[in-house]
Amino acid sequence: MKFYTKYLWVHTNKIRDFINITGDVETALKESGISDGMILVSAMHITAGVYVNDAESGLIEDIEKWLEKIAPYNINYKHHQTGETNGDAHLKSLVTGHEIIVPVTNSKLDFGTWQQIYYAEFDGQRDKRILIKVMGE
Ligand code: ZN
């Protein structure tokens, strides 16, 4: 079994943003030379998420609104007693999850028609990293 590791850097202009990183993961897969296996994609942060879903812009707005309803921004979370202001971002990260596994078959992401990989930033405007680890033969 071979392993290939790559780090993506992200720096969003907005506090919250949704970035389609499917192409970056495909590039890492090509670089790895692996044709059968799986890829771990992980946000290396506790205020961001990685998920698989549709790239439809209306749905992305729906996801953002839904997360805002569950974990509203700028509320007096206990976490803020430490001087932090990103309590909502931690909670949003828990809802989306921070990592995914993608199957690889015949040198391609073995996805359904509409599946895309998203990095969800909930506390941006600074440098963040995403880990891509390709495993297989
Ligand atoms: Zn925090």
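Note that ligands are numbered from 1 as they come in the structure, with each ligand's atoms numbered from 1 the same way. Just so you know, these numbers use all the heavy atoms, side chains as well, and skip hydrogens, waters and symmetry mates.
- Remark: Arg129 is positioned above the aromatic ring of Tyr7, its terminal NZ or CZ atom under 6.0 angstrom from the ring centre and at most 45 degrees off the axis.
- A side-chain hydrogen bond (donor to acceptor under 3.5 Å, both in side chains) with Thr47 is found for exactly one of Lys92, Lys128, Glu121, namely Lys128.
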Practice prompt. Run the numbers on Ile15 and Gln125 for side chain to side chain contact (heavy atoms under 4.5 Å, CB included), then give the verdict.
Written response: CA-CA 6 Å; Ile15 288 176; Gln125 299 179 318; 3.4 Å; yes
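- Between the side chains of His90 and Asp123, no donor N or O sits under 3.5 Å from an acceptor N or O.
- Taking the centre of each ring, Phe18 and Tyr118 stay at or above the 6.0 Å mark.
- For Asp110 and Thr105, the side-chain atoms include at least one donor-acceptor pair closer than 3.5 Å.
- Protein N/O/S atoms found under 2.8 Å from the Zn ion (ligand 1), listed by chain and residue number: His79 NE2, Glu84 OE1, Asn86 OD1, His90 NE2.
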